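Note that this is a predicted model, so its numbers are computed, not measured. So you know, we letter chains A, B, ... as the sequences are listed, proteins then strands, and number each from 1.
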Amino acid sequence: MTTNKDLVTSQRLRQRQAKATFFKYFCIAVTGSAVLILGILLYQIISDGYRWVDWQFMTSYPSRFPEKAGILSAFVGTLWLVSLTALLAIPTGVLAAIYLEEYAPKNRWTQLIEVNIANLAGVPSIVFGILGLALFVRFMGLNRSVIAGAMTMSLLILPVIIIAAKEAIRAIPNSLRQAAFALGATRWQVVRAHVLPAALPGILTGIILALSRAIGETAPLIMIGALTYVAFLPESPMDEFTALPIQIFNWTARPQETFHELAAGGIIVLLGVLLLMNALAVYIRYRGSKS
Amino acid sequence: MSDAVPILNALDLSIAYGKDDAVKNVTLPILEKKITAIIGPSGCGKSTFLRSLNRMNDFIDGVSHRGQILYRGSDLYAENVDPVEARLRIGMVFQKANPFPKSIYRNVAWGPGINKLPGDPNERVETALKQAALWDEVSDRLNDSALNLSGGQQQRLCIARALAMEPEIILMDEPCSALDPVSTARIEDLLFELKKKFTIVIVTHNMQQAARVSDYTAFLENGVLIEYGETDQVFTRPKETRTEEYVTGRFG
Amino acid sequence: MTALSRKSIRWGESILERVFFLCAFLSVITTAVVIFILIRETLIFFESVSVTEFLFGTRWTPLLEPKSYGILPLVAGTALIVVGVALLALPIGVACAVFLSEYASARARSIIKPTLEILAGIPTVVYGFFALTFVTPLIRNFIPDTQVFNAASAAIVVGIMVLPMVASLCDDALRAVPQSLRHGAYSLGATSFEVTTRVVVPAGLSGIFAAFVLAVSRAIGETMAVTLAAGATPNLTLNPLESIQTMTAYIVQVSLGDTPAGSLTYQTLFAVATVLFATTLILNIFGTWIMRRFREVYE
């Protein structure tokens, strides 16, 4: 034994422990600064824009005059877009997840689909924009309509929904299925009566997060040409539209300070909507975990 | 029982997870250069006790202790004792072999390296591997990944890793429970060699193993030390009926 | 139940199954259509511009005379953004992950993880706003020569944007390192610093690397922040204080104008998008491959 026989801390160990302590506090400080950045970001936006968020802001069309400008068409456009996207993407995504978890045979086709979905989830959103531009806007002749936007957005969030729904379905124990099968139920009856209800909280959470993504996405909408001056509200899926993130982009890209403040106002509304949706998701998850 | 001063001495030691005592008022001396076996049914607190001897319980949330553990007469848990300093003297071999995902050489050289132990590292690695009876099998592939070794070899590597630190005491937590009989026999042979230089405390659920390798045996049940004595005596002439029941029940 | 009705149930079942299959298969169709569209238009593009000029040309001026179609300036611009990820998101993300997996109490974890998730959930256009109205003035405060639109500002916010992803993936990687390795190291008289930096991080290194690869892919595909903050100047430079243009920002720039379908400018969109798509796809496949491999080590 080279060290002393009693338990006195050696000088060298003292130095090593000092290093360890320093490192620990370094990691804490770095993590703290990451959280601080979030704080700065939120503070910056709120202090820039809170003055603009009022009833007039919510109920006015965009304007060249900042004091008259508002987000009415953008807000309504976003509502249209999200509703249509939900209508298209939710059934497709959930059914796809049901197929992959409950029906699909374990073969190469299934594997191809699984790998493909994972990869689609990582494709840059702007590439989906290109797809929308070429396929929906130009080829299918849907122009810059809400439905073209919603179809593009649906394809974009489909992998997100499928992956979340698959996870929720996979978490349902097999004993539940076997119990139902043993009573003579068909596969669909098992899924409808037992698997889906049990997986619902997880699926809903995934859907809400996917729709949040759709609400915040900007690039694909710019690609399909949603960045136009729109001073009316869409009345049918074939109408032109604008959306909140587009309006924010528009105002941010202007050089004037006042428009930046308007952009901040728009961001406050956008983040407010997202916060509400996330709170809903947390609530559903919480209720799901209780039952 | 000898009159030698124990190198480690648990005095009225109780260890609790939260509110429940896993070890209750155990007083147990560990004698130098001897093998002490701790036996008992699973869940009796023997691993918890062992891990308290080199302060590995510090890593488990909610563990607290009362009583004392003395190392050469000084309190192992005194406020000014750095647990690292304790572990330098008291090494450990775990139930499941846990080699680092590094080469065989670096597994053994790692501890001496971070602690900057003096001497030639190569020599140290060779000595440790020889002491652990692994040298002949790995001397030509020291740079291979340790993960490529068999389970028994991995466990001997972990022993070599502990030996390379030249600790005074080695704690072994059921070191053979995941091994085949041949590997187990090799490690038992090894223990006889090792006790010439080291003090060993071994936790085992295998009665034969305790009888074969140890000098002293402690029998724990539900966290209570039922009996402690020379191994011969504990196994052939136990003083307590519960020891006898346990020892014979499994022996036959 | 009669035999007939049983049969009709089975009929319904098989129709349902086919519908479900189509929903799942839609994703494959999507990929196929994306690839088809990209390749078709890119091939038409290459009828007017040679592959060599496109891939190795050092000037990108498709909207100005004399027109020039060398993608390298856009690639350089994108690379500058990636540097931001490497310098910012990777070290900070790893440090956060180390804190979360090695030091944080369960309580601290339950607060910090969701907070970082909030950072991940903020729309990218908001980061663009933040870059332009906060980060850029900040940089110009210290280095007055900095251009209004500059790569550094965009790189910083993209770094912040992918930070939660890096932190969360690295956290997963570190937590996948078995506890027994930590205990083995502690039993040899190591300090927490030595255990973390010499055992845990090296053991989780492939996971950290995978996280980095996936983060780089995200950064390459990031659009709004770079469009707003980095500028629209295809610029073959390594100076982060200058205005640049990334591949994604170019795509946005063209689509903001009214470009007739079939024109060469329209086709440049697809040529650039093909490079973008291929790069991110390769990185994603590579990243998930590493991740799957390192998981196998401990299972």
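Among C:Thr280, C:Leu119, C:Val94, C:Thr115, the residue with the largest count of heavy-atom pairs under 4.5 Å with chain A is C:Leu119. Comparing A:Asn119, A:Val282, A:Asn278, A:Ile248 by heavy-atom pairs within less than 4.5 Å of chain C, the highest count is held by A:Asn119. Of the listed residues (C:Gly221, C:Ser217, C:Pro123), the greatest number of heavy-atom pairs within a distance under 4.5 Å of chain A belongs to C:Pro123. Heavy-atom pairs under 4.5 Å with chain A peak, among C:Asn284, C:Leu100, C:Leu228, at C:Leu228. Comparing A:Gly93, A:Ala96, A:Ala104, A:Ser33 by how many heavy-atom pairs each has under 4.5 Å with chain C, the most go to A:Ala96. Looking only at heavy-atom pairs under 4.5 Å with chain C, the residue among A:Leu41, A:Val35, A:Ile130 that has the most is A:Leu41. For the set C:Val34, C:Thr288, C:Val19, the count of heavy-atom pairs under 4.5 angstrom toward chain A peaks at C:Val34. Contact count against chain C (heavy-atom pairs under 4.5 Å) is highest for A:Leu95 among A:Leu95, A:Ile98, A:Thr92. In terms of non-hydrogen atom pairs under 4.5 Å with chain C, the most contact-rich of A:Leu42, A:Ile113, A:Val127 is A:Ile113. When A:Ala134, A:Ser125, A:Pro159 are compared by the number of non-hydrogen pairs under 4.5 Å with chain C, A:Ala134 comes out ahead.
Around atom NZ of A:Lys19, no more than 12 heavy atoms belonging to other residues, nucleotides or ligands sit under 6.0 Å away. Counting non-hydrogen atoms of neighbouring residues, nucleotides and ligands closer than 6.0 angstrom, the CD atom of A:Gln256 exceeds 12 such neighbours. Surrounding CZ of A:Arg254 are more than 12 heavy atoms belonging to other residues, nucleotides or ligands, all under 6.0 Å away.
With a threshold of 4.5 angstrom between heavy atoms, A:Leu38 approaches chain C through its backbone and through its side chain. Looking at C:Ile251, both its backbone and its side chain come within 4.5 Å of chain A, counting heavy atoms on both sides. In this structure, chain A has heavy atoms under 4.5 Å from both the backbone and the side chain of C:Thr133. When heavy atoms are compared at a cutoff of 4.5 Å, A:Ala264 approaches chain C by way of both its backbone and its side chain. Only the side chain of C:Thr196 comes within contact range of chain A, judged by heavy atoms closer than 4.5 Å. Contacts between A:Arg138 and chain C at a heavy-atom distance below 4.5 Å involve the side chain alone, from C-beta outward. With a 4.5 angstrom heavy-atom cutoff, A:Asp48 touches chain C only via side-chain atoms. With a 4.5 angstrom heavy-atom cutoff, C:Glu41 does not touch chain A via any of its atoms. Contacts of C:Phe129 with chain A are made by both backbone and side-chain atoms, with heavy-atom separations under 4.5 Å. Contact of C:Leu116 with chain A is made through the side chain alone, with heavy-atom distances under 4.5 Å. The contact between C:Leu16 and chain A is made entirely by side chain atoms (from C-beta outward), counting heavy-atom distances below 4.5 Å. Within the 4.5 angstrom heavy-atom criterion, atoms from both the backbone and the side chain of C:Thr248 approach chain A. If you measure heavy-atom distances from C:Leu38 to chain A, the contacts under 4.5 Å come from the side chain alone. In this structure, no portion of A:Ser212 lies under 4.5 Å from any heavy atom of chain C.
Donor-acceptor pairing under 3.5 Å is recorded for the side chains of C:Glu13 and A:Thr186.
To the nearest 0.5 Å, atoms CG (C:Leu22) and OH (A:Tyr99) are separated by 9.5 Å. To the nearest 0.5 angstrom, C:Phe20 atom CZ is 5.0 Å from A:Tyr103 atom OH. Atom-to-atom distance recorded for C:Ser255:OG and A:Ile222:CD1 is 6.5 Å, nearest 0.5 angstrom. For the atom pair CD1 (C:Ile92) and SG (A:Cys27), the distance works out to 11.5 Å, reported to the nearest 0.5 Å. Distance check: A:Arg16 CZ to C:Ser192 OG gives 10.5 Å after rounding to the nearest 0.5 Å. Note that the CE atom of C:Met224 and the OG1 atom of A:Thr252 stand 8.5 Å from one another [nearest 0.5 Å].
Residues C:Ser27 and A:Leu120 come closest through the heavy atom pair O-CD1, 3.5 Å. Here the closest non-hydrogen pair linking A:Thr31 and C:Ala95 is OG1-O, 4.1 Å. Between A:Ala34 and C:Cys96, the closest heavy-atom pair is CB-SG, 4.1 Å.
A 4.5 Å side-chain heavy-atom check between C:Tyr266 and A:Leu133 finds at least one atom pair inside the cut-off. Annotation: side chain of C:Thr227 is in contact with side chain of A:Phe249 (closest heavy-atom distance under 4.5 Å). C:Phe99 places none of its side-chain heavy atoms less than 4.5 Å from the side chain of A:Tyr25. Side-chain contact check for A:Thr218 versus C:Thr223: every heavy-atom pair is 4.5 Å or farther apart.
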Applying side chain to side chain contact (heavy atoms under 4.5 Å, CB included) to C:Thr191 and A:Leu13, what does each step give before you reach the verdict?
CA-CA 9 Å; C:Thr191 64; A:Leu13 179 59; 4.1 Å; yes

Residues C:Thr31, A:Val123; criterion side chain to side chain contact (heavy atoms under 4.5 Å, CB included); working and verdict
CA-CA 10 Å; C:Thr31 309; A:Val123 169; over 6 Å; no

Go through the steps to decide whether A:Trp109 and C:Phe21 satisfy the test ring pair (Phe, Tyr, Trp, His ring centres under 6.0 Å), and finish with yes or no.
CA-CA 11 Å; A:Trp109 276 108; C:Phe21 171 77; 7.3 Å; no

Does the side chain to side chain contact (heavy atoms under 4.5 Å, CB included) test come out yes or no for C:Phe130 and A:Ile40, once each step is laid out?
CA-CA 10 Å; C:Phe130 186 62; A:Ile40 294 176; 4.1 Å; yes

Run C:Phe193 and A:Phe26 through side chain to side chain contact (heavy atoms under 4.5 Å, CB included) and show every step you take.
CA-CA 11 Å; C:Phe193 172 70; A:Phe26 173 77; over 6 Å; no

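Contact residues of residues 268-277 of chain A toward chain C are A:Leu270, A:Leu271, A:Leu274 (heavy-atom distance under 4.5 Å).
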